[in-house]
Amino acid sequence: MGAYLTQLLAVADAELRKLRHDPWELASRAIQPVLWLLLFGNVMARVRGLAPRTVPYLDFLAPGILAQSALFVAIFYGISAIWERDLGVLHRYLVSPAPRSALVAGKALSSGARALSQALVVYLCAAALGVRLSLQPQDAAAAILLIALGASLFSTFSLIIACIVRTRERFMGIGQVLTMPIFFASNAIYPIALMPAWLQIVARLNPLTYEVDGLRGVMLLDGASVYGLGRDFAVLALVALLMIAVATRMYPRMTE
Amino acid sequence: MSATVEQQGPIGAPVIETFGLTRRFGTLTAVDAASLRVARGEIFGLIGPNGAGKSTLIKMLTTMLPPSEGRATVAGFDLRAQAAEVRRRIGYVPQLLSADGELTGYENLLLSARLYLVPRKEREQRIRDALALMGLIEVRDRLVRQYSGGMIRRLEIAQSTLHSPAIIFLDEPTEGLDPVGRHTVWLHILDLRARLGAAVVVTTHYMDEADMLCDRIALLDHGRISVIDTPAALKERLGAHATLDDVFAEMTGESSDRGTYRDVRRARRAAREHA
Ligand SMILES: Nc1ncnc2c1ncn2[C@@H]1O[C@H](COP(=O)(O)OP(=O)(O)O)[C@@H](O)[C@H]1O
Ligand SMILES: [Mg+2]
């Protein structure tokens, strides 16, 4: 167990050190959520009926944009996995005695940690726009956990896609195609109730919906989650574990 | 064919033993029924032109690629059934760049030390020793993408040997290096054997290199091992002034500096990525 954790953390630590060497990458990723809140949020706030009556639209939107920005970063994680394979760095990991699941979970954890910088940006921007945020320690901790789980889940999903398509070119195409439905077929920027029935079903099967729902519960003052925090966490944790289990089987075959 | 290959018995107990190891890619047989033994502390060369199957054979022996047929024991464990045990006891320097350019030399070594579970108390000391041995102390905190090709190779050798493996696999370790860089790598390979008592399996397509470095060599062509013997014995077959190049031409009916435009382009690209 101690050995497993050492190896898992070694992988995550290496990823985070890379980030420290190149902080610009993070900075550039902070721009998108700010634009969404500032432009999209301020315009759509004028549309009646988008958010529940009691909640200003920007308050409704902020958790959605946070989950979205973490998703956009995580979903392209597969590219860097393919890049590592092409360079040869992947061999360094796979020829080591570390259990394959520790390698996959370590990468997932680093994606989770990486997404926290997005959280910081969205919190700051939302506060500046007058969103009433809850800064209670237990709420903040729950938000951090939700975001980390979501990022781990989607980055590992992305790794699975990378194992299937195997080339950067094909991945780029698919990555774009995947992001759209995950984002729009969720409750991120409008309530599920507004959707046609068939889309509501898709949205309820979409893990992003539960991430956003949980965040609405813990990010906002007087925030409430529709499905309950327990279910939100359970869905995210289960799907994340499932993704890691699948990726553990597929990842080692990338060297072939 | 492989059963009739002449093989001089290894010096000690074998650390690698393969039986009809075969790998196919679609209709192409990249490695065809390779049977060989490598002794403890031996430097064993896999020699052959580009596309001969050297990397494929090494990838199978390092558990990176499952064989289509055949079996092998590596460091005393079955290659397929006990892959994790095998990995614990081997080091592998792949043909491609395996050090992470976005990390410093120190960080690359730290990653390896942790993945191989070098005890926490010994970690820093072993990393320091490895950096000193490879002449990388000065550049330890520089990003590896700023290293020269020779420095990267030395770092990769250090990364692959921090855990004192019983066998070290090096796939074209001198490709793309200048003469000084090549010479340094040779010295390190000899040193690994002396210091760790490790067996070394090394591929190259430079005959002079194989001649001066290897205890025994296997000539590989189109996936088949045509002969396994000491460099001296191989040359003796062709008379007093024969070189390994002559041996190679005799065995395969071709000159060793074959290779297509694609091979050249690939080698150049690898060299550029190392730069
Ligand atoms: N993943 C792969 N898919 C298909 N063919 C491959 C693959 N890897 C190697 N080959 C082919 O197998 C043959 C042996 O390749 P390789 O082992 O890399 O040779 P060497 O290392 O001796 O240059 C070559 O014809 C090569 O094109
Ligand atoms: Mg090769």
Open item on the list: Would you compute the distance between atom CE of B:M64 and atom OG1 of A:T255 and round it to the nearest 0.5 angstrom?
Closed with: 5.0 Å
Open item on the list: Give me the atom names and distance for the closest heavy-atom approach of B:A84 to A:P97.
Closed with: O-CB, 4.3 Å
Task: Per-residue contact mode, A:L8 against chain B (heavy atom under 4.5 angstrom) - done: neither
Open item on the list: I'd like to know which of B:G91, B:S160, B:A99 tops the heavy-atom pair count under 4.5 Å against chain A.
Closed with: B:S160
Open item on the list: So, taking the atom named CZ in A:R17 and the one named CG in B:L103, what distance separates them when rounded to the nearest 0.5 Å?
Closed with: 8.0 Å
Open item on the list: Testing the basics here: between B:R87 and A:S96, what is the closest heavy-atom pair and its distance to 0.1 Å?
Closed with: CD-O, 3.2 Å
TODO: Find out whether B:L115 and A:V11 are in side-chain contact, i.e. whether some heavy atom of one side chain is under 4.5 Å from a heavy atom of the other.
DONE: yes
Task: Nearest-0.5 Å distance that lies between atom NE2 in A:H91 and atom CD in B:Q95 - done: 10.0 Å
Open item on the list: Rounded to the nearest 0.5 Å, what separates atom CZ in A:R20 from atom CD in B:E102?
Closed with: 14.5 Å
Task: Max heavy-atom pair count under 4.5 Å with chain A, selected residue of B:L65, B:L143, B:I90, B:L117 - done: B:L117
TODO: Before giving the answer on side-chain hydrogen bond (donor to acceptor under 3.5 Å, both in side chains), spell out for B:R114 and A:T6 the whole-Å C-alpha distance, their side-chain angles and the decisive distance to 0.1 Å.
DONE: CA-CA 6 Å; B:R114 287 168 165 173; A:T6 300; over 6 Å; no
- [ ] For atom CZ of B:R80, decide whether the heavy atoms of other residues, nucleotides or ligands shown that lie under 6.0 angstrom number more than 12.
- [x] yes
Task: Nearest-0.5 Å distance that lies between atom CG in B:L96 and atom CZ in A:R92 - done: 12.0 Å
Task: Atom CD of A:Q138 with >12 non-hydrogen neighbours under 6.0 angstrom - done: yes
TODO: Output the distance between atom NZ (A:K18) and atom OG1 (B:T104), rounded to the nearest 0.5 Å.
DONE: 12.0 Å
- [ ] Among A:L94, A:L103, A:V89, single out the residue with the greatest number of heavy-atom pairs under 4.5 Å to chain B.
- [x] A:V89
Open item on the list: Determine whether B:F169 and A:V95 satisfy the following criterion, side-chain contact (heavy atoms from CB on, under 4.5 Å), listing intermediate values before the conclusion.
Closed with: CA-CA 11 Å; B:F169 296 87; A:V95 83; over 6 Å; no
TODO: Could you tell me which of B:Q159, B:R89, B:E85, B:R23 has the largest number of non-hydrogen atom pairs under 4.5 Å with chain A?
DONE: B:Q159
Task: More than 12 heavy atoms from other groups under 6.0 Å of CZ on B:R195 - done: yes
